[in-house]
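All values reported here derive from a predicted model rather than from experimental measurement. Note that ligands are numbered from 1 as they come in the structure, with each ligand's atoms numbered from 1 the same way.
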Amino acid sequence: MDVAVIGGTGEEGFGLALRLGRAGHRVVIGSRSAEKGAGRASDALKILGGNATVEGTTNEEAAAQAEVVFVTVPFAGQADIYRAIKPAVAPGKVVVDATSPLATAVGGRAWQVLRPWQGSAAEQAKAILQKGVRMVAGFHTIAAEALQDLDKPIESDVLVCGSDPEAKEMAGALIEDIPNLRWVDCGGLDMARISETLTALMIGVNRAYKVHDAGFRIVGRDAWGPPAR
Ligand SMILES: NC(=O)c1ccc[n+]([C@@H]2O[C@H](COP(=O)([O-])OP(=O)(O)OC[C@H]3O[C@@H](n4cnc5c(N)ncnc54)[C@H](OP(=O)(O)O)[C@@H]3O)[C@@H](O)[C@H]2O)c1
């Protein structure tokens, strides 16, 4: 599948680009600078070897080319990025937002969160994009370091929130192309008000144990099969 990673030059997005590229998807890394995007794509190809397809360009061009658009940018720049890609994200397209509204956006701490007016960063993003874009929130409990460490299986679940079951399943299928990763349907997009804040909790755990790859796992998930419609 053709996927874009907006902000894929950064920690979380680069890890996602590596994992999806290794799974055989065509990945376009988006950046505010086409050169920076291209540079990170060439870094990814060096890591993945010749078989992967990873390209880099502007956020707008990356979003226009993809069937599924991942967005991995800091909350401080999230609204500006969504305004920039809005024309390129046609109604019907699936967007997977990984933004956590950490207090660092206003000079606070990474283990504290803000409350966006719409309730969550994902709901803010949905309010900016064209009507009919299928918004999903996920990846808030997946550490960038774990994504980038390709030799190690990721020991965390992707908590997926969204109000369009098919969009969640599309995101879920991409997630499960990454070895060992499972997705868990956590309900409507408004549940992102909870899942986004877990990044701050994860950072708290990382600080307490001086590690960088803590995560969350839902018990019992393997026995449940796919979510009920
Ligand atoms: N890092 C993690 O372990 C982790 C885990 C779970 C969730 N998250 C969430 O994922 C998102 C990305 O995290 P990250 O650690 O990857 O962030 P990051 O490395 O600081 O930034 C990602 C990319 O976003 C762009 N960017 C940075 N500041 C920006 C601004 N003010 N306005 C617009 N664009 C900006 C940059 O791309 P260009 O300069 O190329 O445009 C940058 O490479 C955050 O919302 C974070 O809370 C992160």
Side-chain angles (χ1 to χ4, degrees), residues 4-20 27-44 54-63 69-86 95-116 120-125 128 136-149 152 154-161 175 178 181 192-207 211-216:
V5 186
I6 307 305
T9 54
E11 294 304 320
E12 185 80 359
F14 188 68
L16 198 52
L18 289 178
R19 293 281 184 171
L20 292 173
V27 180
V28 184
I29 292 179
S31 169
R32 288 168 295 178
S33 145
E35 293 71 30
K36 189 174 168 188
R40 287 304 264 161
S42 110
D43 293 343
V54 184
E55 294 157 30
T57 180
T58 60
N59 288 326
E60 294 83 343
E61 281 181 23
V69 179
F70 291 86
V71 179
T72 57
V73 297
F75 184 61
Q78 193 218 22
D80 281 345
I81 295 289
Y82 273 98
R83 285 187 199 104
I85 64 171
K86 178 178 180 174
V95 175
V96 183
D97 186 81
T99 312
S100 306
L102 303 181
T104 45
V106 293
R109 303 295 200 175
W111 53 93
Q112 299 166 348
V113 292
L114 306 170
R115 179 62 69 203
S120 64
E123 290 167 284
Q124 168 171 283
I128 292 170
V136 169
F139 282 94
H140 307 95
T141 56
I142 309 295
E145 182 155 316
L147 280 170
Q148 291 190 30
D149 189 349
K152 220 169 131 189
I154 302 171
E155 291 187 27
S156 186
D157 288 334
V158 183
L159 307 181
V160 175
C161 307
I175 289 162
I178 299 173
L181 217 51
R193 297 171 189 188
I194 297 171
S195 60
E196 289 175 357
T197 64
L198 295 180
T199 309
L201 196 65
M202 193 169 81
I203 291 167
V205 173
N206 281 339
R207 291 181 74 234
V211 297
H212 300 281
D213 57 357
F216 292 80

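- Listed by atom number, the atoms of ligand 1 under 4.0 Å from Ile142 heavy atoms are 5 (C), 6 (C).
- Side-chain contact between Ile29 and Phe14 is present, with at least one heavy-atom pair separated by less than 4.5 Å.
- On a distance-only criterion, Val73 and ligand 1 share at least one N/O pair closer than 3.5 Å.
- Contact record, Leu114 with Ala103: CG-CA, 3.9 Å, taken as the closest heavy-atom pair.
- Inclusion of Ile81 in the set of residues having an N or O under 3.5 Å from an N or O of ligand 1 is not warranted.
- Using a non-hydrogen distance threshold of 4.0 Å, Thr72 registers as a contact of ligand 1.
- For Ser100, a nitrogen or oxygen atom sits less than 3.5 Å from a nitrogen or oxygen atom of ligand 1, counting backbone and side chain alike.
- Summary of contacts: the protein heavy atom closest to atom 23 (C) of ligand 1 is Gly7 O, 3.6 Å.
- Counting heavy atoms under 4.0 Å from ligand 1, residue Phe139 touches it through the backbone alone.
- Protein heavy atom at the shortest distance from atom 32 (N) of ligand 1 is Gly77 CA, 3.2 Å.
- Arg32 CZ, 3.3 Å is the protein heavy atom nearest to atom 34 (N) of ligand 1.
- Rounded to the nearest 0.5 Å, atoms OG1 (Thr141) and CG (Leu159) are 4.0 Å apart.
- Between Thr9 and ligand 1, at least one pair of N/O atoms sits closer than 3.5 Å.
- Between atom 19 (O) of ligand 1 and the options His140, Glu11, Gln148, the minimum heavy-atom separation is to Glu11.
- Of all the heavy atoms in Cys161 and Ser195, the pair that sits closest is SG-OG, 3.4 Å.
- In Leu102, the part holding a heavy atom less than 4.0 Å from any atom of ligand 1 is the side chain.
- Across Thr99 and Pro74, no two heavy atoms sit closer than the pair CG2-C, 4.2 Å.
- Ala144 CB, 3.6 Å is the protein heavy atom nearest to atom 1 (N) of ligand 1.
- Contact annotation: the side chain of Val205 never approaches that of Met202 to less than 4.5 Å [non-hydrogen atoms, C-beta and beyond].
- Residues Leu181 and Phe139 have side chains in contact (heavy-atom distance under 4.5 Å, counting atoms from C-beta outward).
- When the heavy atoms of Ala200, Gly10, Pro74 are ranked by distance to atom 20 (O) of ligand 1, first place goes to Pro74.
- Considering every non-hydrogen atom in both Ala200 and Val113, the closest pair reads CB-CG1, 3.7 Å.
- A heavy-atom distance below 4.5 Å is found between the side chains of Glu123 and Arg193.
- Atoms of ligand 1 lying under 4.0 Å from any heavy atom of Ser31, numbered from 1 in the order shown and given with element: 38 (P), 40 (O), 41 (O).
- Among all non-hydrogen protein atoms, the one lying nearest atom 8 (N) of ligand 1 is Ala98 O, 4.0 Å.
- Ranked by closest heavy atom to atom 16 (O) of ligand 1, the top entry among Arg40, Lys36, Glu12 is Glu12.
- If you take CG on Asp149 and CG on Asp213, they are separated by 8.0 Å, rounding to the nearest 0.5 Å.
- In this structure, Glu155 places its CD atom where only 12 or fewer heavy-atom neighbours from other residues, nucleotides or ligands lie under 6.0 Å away.
- For ligand 1, the polar-atom distance check against Ser33 finds no nitrogen or oxygen pair separated by under 3.5 Å.
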